[in-house]
Amino acid sequence: MDERAALSLLEGELEAAGDDAAVVDDLVITTDMLHERTDFPTGTTRYTAGWRAVGASLSDVAAMGADATAAVAAYAAPEFDRDELLAFVRGARDVCDRVDATYVGGDLDGHSEFTVSTTAVGRSDDPVRRSGAEPGDLLCVTGTLGRSAAGLELFERSARDDAGSDEDSIVERANELFRFEPRVEAGAALAPHATAMMDSSDGLARSLHQLAEASDCGFAVDSEAVPVAEALSELADDEGTDAEPLERAITFGEDFELVVTLPESALETVRAAIDVELSAIGSVTEPVEGITMDGEKLPDRGYTHGT
């Protein structure tokens, strides 16, 4: 049973499952687990790991349109290196500071592989679910897509024999790309207008399939409107490819941007209220029309945890 099958199984057992976070009264709670083998490429600093791990949970809070309150992390490793542990905590604390939340500690444990389990807490009187999209709504995304894909490519380049004297600068840039900003402020501004919302941690294509299932709708995407991260396009130019940036941008995942539907009349109001670009990339359609990009079926492909 893969991750998605396991999630489907649990949704049948747990009434509150199915959104980016659980809601208890006005409390929003979410948890994530990341592993060195699958989530932290060689060259990822512990500072970046702390930022990215805690940021992933804060992104789930953002996807509910909630204000972030606090986060904790359980840190497990074969041994506790002083500098690595302090760097991790500083990264976790800094990403919390970025969204006006507080990092309040966690737990330590020995483990054969560096592993982090994080939990974030937020508050919302009216959280945004994945299930409210209506035909005619606009489909929008915050920021750009493909940032993490570009970061991974740079980590891989730094590990190759031909990296040479550029290795340190390549690794530094890769770490910078891996330190994304959770869209908590944007999520809260979108919440009064959004009909459905989630984050893009599994990739745009997969997120649309998840939203479509929850809202019983379809989506029509305009590929030219999809905001591809400049770093990813630049790397593709270096390799001499043409179509890869868009493909990677919509399927790689791990960008932690918001994927949101809202009435067209709300678009400019929301754009004026947030400090990140909001791109209208398509529209919500009737479920019978399926999920398409430029009129062609958009397959359900994206990031799968544990692979």
Is [X] linked to [Y] within one hydrophobic cluster, defined over Ile, Leu, Val, Met, Phe, Trp and Tyr using a side-chain heavy-atom separation of less than 4.5 Å?
{"X": "Tyr103", "Y": "Val95", "result": "yes"}
{"X": "Leu139", "Y": "Ile250", "result": "yes"}
{"X": "Phe155", "Y": "Leu235", "result": "no"}
{"X": "Tyr75", "Y": "Trp51", "result": "yes"}
{"X": "Val284", "Y": "Val226", "result": "yes"}

Working to the nearest 0.5 Å, report the span between [atom1] of [X] and [atom2] of [Y].
{"X": "Ile291", "Y": "Glu296", "atom1": "CD1", "atom2": "CD", "answer": "14.5 Å"}
{"X": "Met64", "Y": "Leu258", "atom1": "CE", "atom2": "CG", "answer": "12.0 Å"}
{"X": "Thr285", "Y": "Asp137", "atom1": "OG1", "atom2": "CG", "answer": "11.0 Å"}
{"X": "Leu298", "Y": "Thr292", "atom1": "CG", "atom2": "OG1", "answer": "8.0 Å"}
{"X": "Ser59", "Y": "Met198", "atom1": "OG", "atom2": "CE", "answer": "9.5 Å"}
{"X": "Glu167", "Y": "Glu172", "atom1": "CD", "atom2": "CD", "answer": "12.5 Å"}

Any heavy-atom pair between the side chains of [Y] and [X] that's under 4.5 Å?
{"X": "Ser117", "Y": "Asp32", "value": "no"}
{"X": "Pro263", "Y": "Leu138", "value": "no"}
{"X": "Leu278", "Y": "Val270", "value": "yes"}
{"X": "Val228", "Y": "Thr144", "value": "no"}
{"X": "Ile281", "Y": "Cys140", "value": "no"}
{"X": "Val61", "Y": "Thr30", "value": "yes"}
{"X": "Thr102", "Y": "Thr69", "value": "no"}

Set out, in order, the CA-CA distance, both residues' side-chain angles and the distance that settles side-chain contact (heavy atoms from CB on, under 4.5 Å) for Leu246 and Ser223, then state yes or no.
CA-CA 8 Å; Leu246 177 63; Ser223 66; 3.7 Å; yes
Asp20 pairs by side-chain contact (heavy atoms from CB on, under 4.5 Å) with which of Arg129, Gln210, Met197, Arg130?
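It is Arg130; the other options fail the test.
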Main-chain N/O of [Y] paired to [X] side chain as donor or acceptor, under 3.5 Å:
{"X": "Asp19", "Y": "Ala21", "value": "no"}
{"X": "Thr45", "Y": "Thr48", "value": "yes"}
{"X": "Ser148", "Y": "Phe178", "value": "no"}
{"X": "Ser215", "Y": "Ala133", "value": "yes"}
{"X": "Ser57", "Y": "Val54", "value": "no"}

Can you list the other members of the hydrophobic cluster that holds Leu152, where links are side-chain heavy atoms under 4.5 angstrom apart?
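Its cluster partners, ordered by chain and number, are Phe252.
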Exercise: identify the closest heavy-atom pair between [X] and [Y]:
{"X": "Leu262", "Y": "Ala194", "value": "CB-CA, 4.2 Å"}
{"X": "Thr118", "Y": "Ala53", "value": "OG1-O, 3.2 Å"}
{"X": "Ala196", "Y": "Ser131", "value": "CB-N, 4.4 Å"}
{"X": "Ala186", "Y": "Val276", "value": "CB-CG1, 4.0 Å"}
{"X": "Phe256", "Y": "Ser201", "value": "CE2-CB, 3.5 Å"}
{"X": "Ala225", "Y": "Ser279", "value": "O-CB, 4.1 Å"}

Is any NZ, NE, NH1 or NH2 atom of the basic residue among [X] and [Y] found under 4.0 Å from an Asp or Glu carboxylate oxygen of the other?
{"X": "Arg160", "Y": "Glu156", "result": "no"}
{"X": "Arg147", "Y": "Asp255", "result": "no"}
{"X": "Arg206", "Y": "Asp300", "result": "yes"}

Can you tell me if [X] and [Y] form a side-chain donor-acceptor pair at under 3.5 Å?
{"X": "Asp94", "Y": "Tyr47", "result": "yes"}
{"X": "Asp202", "Y": "Ser207", "result": "no"}
{"X": "Thr261", "Y": "Thr195", "result": "yes"}

Could you walk me through whether Val171 and Asn175 satisfy the side-chain contact (heavy atoms from CB on, under 4.5 Å) test, starting with their C-alpha distance in whole Å, then the side-chain angles of each, then the deciding distance to 0.1 Å, before giving a yes or no?
CA-CA 6 Å; Val171 170; Asn175 275 280; 3.4 Å; yes
Among residues two or more places apart or on two chains, list those pairs meeting salt bridge (Lys or Arg N to Asp or Glu O under 4.0 Å) that have a residue in residues 267-295.
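Applying salt bridge (Lys or Arg N to Asp or Glu O under 4.0 Å) to every pair that reaches into residues 267-295, excluding sequence neighbours, yields Glu268-Arg271.
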If a pair satisfies salt bridge (Lys or Arg N to Asp or Glu O under 4.0 Å) and one of its residues is in residues 174-194, list it, with sequence neighbours excluded.
Arg98-Glu181, Arg173-Glu176, Arg183-Glu257
Listed by chain and number, what are the salt bridge (charged side-chain N to carboxylate O under 4.0 Å, His left out) partners of Arg52, not counting sequence neighbours?
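In terms of salt bridge (charged side-chain N to carboxylate O under 4.0 Å, His left out), with neighbours along the sequence ignored, Arg52 is linked to Glu254.
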Let's go through Asp168 and Ile170 carefully: what are the C-alpha distance in whole Å and the side-chain angles of both, what is the deciding distance for side-chain contact (heavy atoms from CB on, under 4.5 Å) to 0.1 Å, and is it a yes or a no?
CA-CA 5 Å; Asp168 288 346; Ile170 293 173; over 6 Å; no
Audit row: Asp26, Arg123, salt bridge (Lys or Arg N to Asp or Glu O under 4.0 Å) steps and yes/no
CA-CA 5 Å; Asp26 66 345; Arg123 291 192 179 277; 3.0 Å; yes
Residue pair Asp60, Asp199: steps toward the side-chain contact (heavy atoms from CB on, under 4.5 Å) verdict:
CA-CA 7 Å; Asp60 286 334; Asp199 80 358; 3.4 Å; yes
Listing, residues 78-87 side-chain donor-acceptor contacts under 3.5 Å, not counting sequence neighbours, or none:
{"residue": "Asp81", "atom": "OD1", "partner": "Asp83", "partner atom": "N", "Å": "3.1"}
{"residue": "Asp81", "atom": "OD1", "partner": "Glu84", "partner atom": "N", "Å": "2.9"}

Mind listing the side-chain donor-acceptor pairs of residues 104-115 below 3.5 Å, one per line with the distance, residues two or more places apart or on another chain?
{"residue": "His111", "atom": "ND1", "partner": "Glu113", "partner atom": "N", "Å": "3.0"}
{"residue": "His111", "atom": "ND1", "partner": "Glu113", "partner atom": "O", "Å": "3.0"}
{"residue": "Glu113", "atom": "OE2", "partner": "Glu36", "partner atom": "N", "Å": "3.4"}
{"residue": "Glu113", "atom": "OE2", "partner": "Arg37", "partner atom": "N", "Å": "2.6"}
{"residue": "Thr115", "atom": "OG1", "partner": "His35", "partner atom": "ND1", "Å": "3.3"}
{"residue": "Thr115", "atom": "OG1", "partner": "Glu113", "partner atom": "O", "Å": "3.0"}

